[in-house]
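Letters A, B, ... mirror the listed sequences (proteins, then strands); counts begin at 1. Here the structure is a predicted model, which means the values were calculated and not measured.
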2 protein chains.
Amino acid sequence: MAMARRGTGRDGRPTLEQVAARAGVGRGTVSRVINGSPRVSDRTRAAVEQAIADLGYVPHRAARALAANRSDAIAMVVPEAETRLFAEPYFSGILRGVSAELADTDIQLLLTLIRTPKERARFAQYAASHRVDGVLLVSVHGDDPLPDQLAEMGIPLVMNGRRSADELVPHVDCDNIGGAQLAVEHLLGRGRTGVATITGPADMYVARCRLDGYREALRAAGRKQDEELVGRGDFTEESGHSAMRELLIRRPGLDAVFCASDLMAIGARRALREMGRSVPDDVALVGFDDSALARHMDPPLTSVRQPMEGMGRAMTRALLAEIADGPPERPRLVLPTELVRRASS
Amino acid sequence: MAMARRGTGRDGRPTLEQVAARAGVGRGTVSRVINGSPRVSDRTRAAVEQAIADLGYVPHRAARALAANRSDAIAMVVPEAETRLFAEPYFSGILRGVSAELADTDIQLLLTLIRTPKERARFAQYAASHRVDGVLLVSVHGDDPLPDQLAEMGIPLVMNGRRSADELVPHVDCDNIGGAQLAVEHLLGRGRTGVATITGPADMYVARCRLDGYREALRAAGRKQDEELVGRGDFTEESGHSAMRELLIRRPGLDAVFCASDLMAIGARRALREMGRSVPDDVALVGFDDSALARHMDPPLTSVRQPMEGMGRAMTRALLAEIADGPPERPRLVLPTELVRRASS
DNA sequence: GACAGCCATGGGAGCGCTCCCAGACGTGAT
DNA sequence: ATCACGTCTGGGAGCGCTCCCATGGCTGTC
């Protein structure tokens, strides 16, 4: 036989049952009020809300999750390398956006850093058992099996960035091509004629986009493509340094460089200094990311800003919509980039 | 009357009940195995483990949380300003440590950014209702009421850093005094005689510690204190810049500066350049934090490294211990800092 | 004025787990 | 053999919620 109902929950907090008792209604009604069901009269609703306020009632998440078979939590998954490499503005920017968007829902953010395949597998299993309502995937590499795995399991999922031009998994991206164009147009607009670029690794889609943007801007301006002005980097400072040296040897007369990352711009800047070029007088420099590094460089670096916080927000909105309404018809959302002009160009 | 037991849980995943059936034991026994209770015979344990493996069973968190009255989740609370200001290495370093420490438990990390008092209140309420087992508080300011609020509610809690010398809330700190000493000793050891410092805001405990370290190092070396060599900053680049200018005006002969943050060192470096001083030849420069900024400065900045990842780990260990065993007898843990020597000194 | 139809409402059943008690089975001492 | 333990085990009860069905009061209609 059921024990007599107690006056409070196990840890001394009021339960829905007590709220019901105090408001003089049934449990179902309180539940309806809490969940915003329209099928409650205004009178009753007011009484229940009063009781909730009086008691300081807060729904018990676990109980709700168990009964309703949802978790009211989403996970944000970040390959650990990213927190190291792109600590800022990437990771914290996105996080800020996600958090802001979640602030007035009562959905929780679970953060998972993944550093090994074992951890990836573990997370996949975890997600598979519906312990989260959806997943936000940050900075996915082309060869990461996780997105497809999750998609296959039918777990709502949004990535930032895409792995290829024909990405099927819903994602939010920023306009890398447009950003690169902006940068190169700006350089051209300042009268620079020998505009070089230092690219990211060719197997990363984002790097290819930025290179495409560079090419497109030159084409649009009617300049001929000089392949000797394209230096290859891998987004690291060191690669920017060596690419810049090679560029300078091949084309000593170049007067501007668009780097596909701020980190490479730092390396390039060092090479320029070593080879006796001043910035921006001899060579104008533009980066990509608008990181803290760019702001604090000497001279401060002109850079393409990605709306990281906006991407975080957009990803979150997209995920919540997907959780509520099922897969979107258009899986892709592209946010504009912006050029932040500083003294380096 | 209870419905006949089904073959699987609601979302098609096996339940503990099915594991029990397959292993030919009762629910209680499976629960015991899962929770590592010793009161299970080896035979039975093996059978249950086999059944778990066969079925791919994963416990349902919400059900477990509800029944056991714990959440298997801890929250990491970060004032939003911090993700902006100290993006790196602070925040991501700690996060990496926390995540690493949690990796082989099945405790989840909930991340909460707090930007308004309203959100703080909301979080306090949330935590109060035992929706998390414990809280990690990052970068707390002296006037933040949250720590005491949580402590009062009996919620296991660990902060990083302390608000004052007699902090009562359990916390993990790094050796700011020792780090500053290290920096100044290093400067002295390189033959510098006029060692200045630029401090953080006087109302921040961490800033006072670094100043104490500076003083202590001078004292230990038998140098007299010259108050004119102490510049006041507030951890920002701009404050470093103006403090450096003033120092240079007051004491043109100074030949070294210990800055209590890398950001201030960047400002100081700019001022030095403007006033025609070279680094490190005329003036040696040392920062604090060992941020990405320091590594990429020109010349690269010698800086005091705080073991952020280690602090994250230590905080997590301390919190888990507190959850398991109750409040620690010694609330404080201090981790050593380390000097990273680069070309600026 | 009777009946269908609608709406707000109460509360039983059940989500998947843990807790704990009572029972079944040893074992060693008497 | 009997008894007193101790160990291992099964399963009832219950965690706090949501879902859903049945109920009862009202309205509108012919």
Side-chain angles (χ1 to χ4, degrees), chain A residues 1-48 52 55 57-72 106 129-131, chain B residues 1-48 52 55 57-72 106 129-131:
Chain A
M1 195 187 72
M3 203 209 285
R5 285 293 177 183
R6 282 173 303 150
T8 111
R10 173 161 53 171
D11 35 70
R13 313 267 323 161
T15 68
L16 180 143
E17 180 114 29
Q18 278 107 52
V19 174
R22 181 174 239 268
V25 301
R27 276 176 10 257
T29 303
V30 177
S31 178
R32 260 165 244 136
V33 170
I34 290 169
N35 293 293
S37 158
R39 353 203 83 260
V40 181
S41 71
D42 291 344
R43 256 186 84 70
T44 311
R45 180 182 308 278
V48 170
I52 289 176
L55 261 31
Y57 169 75
V58 185
H60 192 297
R61 286 191 90 83
R64 174 183 274 202
L66 178 58
N69 197 28
R70 60 188 158 79
S71 63
D72 284 334
D106 63 348
S129 47
H130 286 286
R131 270 50 163 173
Chain B
M1 195 185 72
M3 202 208 285
R5 284 297 178 180
R6 285 172 301 151
T8 110
R10 173 163 51 173
D11 36 69
R13 314 260 331 155
T15 68
L16 180 143
E17 180 113 29
Q18 278 108 51
V19 174
R22 181 174 241 268
V25 301
R27 276 176 10 257
T29 303
V30 177
S31 177
R32 258 165 246 135
V33 170
I34 289 169
N35 293 293
S37 157
R39 353 202 81 261
V40 181
S41 70
D42 291 344
R43 256 185 85 70
T44 311
R45 179 182 308 278
V48 170
I52 289 176
L55 262 31
Y57 169 74
V58 185
H60 192 297
R61 284 190 91 84
R64 174 184 275 202
L66 179 59
N69 197 28
R70 61 189 157 79
S71 64
D72 283 333
D106 62 349
S129 47
H130 286 287
R131 271 49 163 173

Do any side-chain nitrogens or oxygens of B/Arg64 fall under 4.0 Å of OP1 or OP2 in C/dT18? yes
Residue A/Arg32, side-chain atoms from C-beta onward, closest of D/dA13, D/dG16, C/dG10: C/dG10
Counting only side-chain heavy atoms from C-beta out, which of C/dG10, D/dT9, D/dC17 sits nearest to A/Ala67? D/dC17
Respond yes when some side-chain nitrogen or oxygen of B/Ser41 is under 4.0 Å from OP1 or OP2 of D/dT9, and no when none is. yes
Starting the side chain at C-beta, find the nucleotide from C/dG16, D/dT9, C/dT18 nearest to B/Leu16. C/dT18
Does a side-chain N or O of A/Thr29 approach OP1 or OP2 of C/dT9 to a distance below 4.0 Å, or not? no
Please tell me which of B/Leu66 and B/Gly26 maps to the more 5' nucleotide of DNA chain D, matching each residue to the nucleotide holding its nearest heavy atom. B/Gly26
Does a side-chain N or O from A/Thr44 land closer than 4.0 Å to OP1 or OP2 of C/dA8, or not? no
So which one's nearest nucleotide on DNA chain D is more toward 5', B/Arg45 or B/Ala63? B/Arg45
Those residues that, when tested against B/Arg45, pass salt bridge (charged side-chain N to carboxylate O under 4.0 Å, His left out) (two or more places apart): none
Taking only N and O in the side chain of A/Asn69, is any of them less than 4.0 Å away from OP1 or OP2 of D/dT18? no
If you take all heavy atoms of B/Ile34 and B/Tyr57, which pair is closest and at what distance? CD1-CE2, 3.4 Å
Sidechain N-carboxylate O distance under 4.0 Å for B/Asp106, A/Arg131: no
What nucleotide, of C/dC7, D/dC17, C/dC17, holds the atom closest to the side chain of A/Arg39? C/dC7
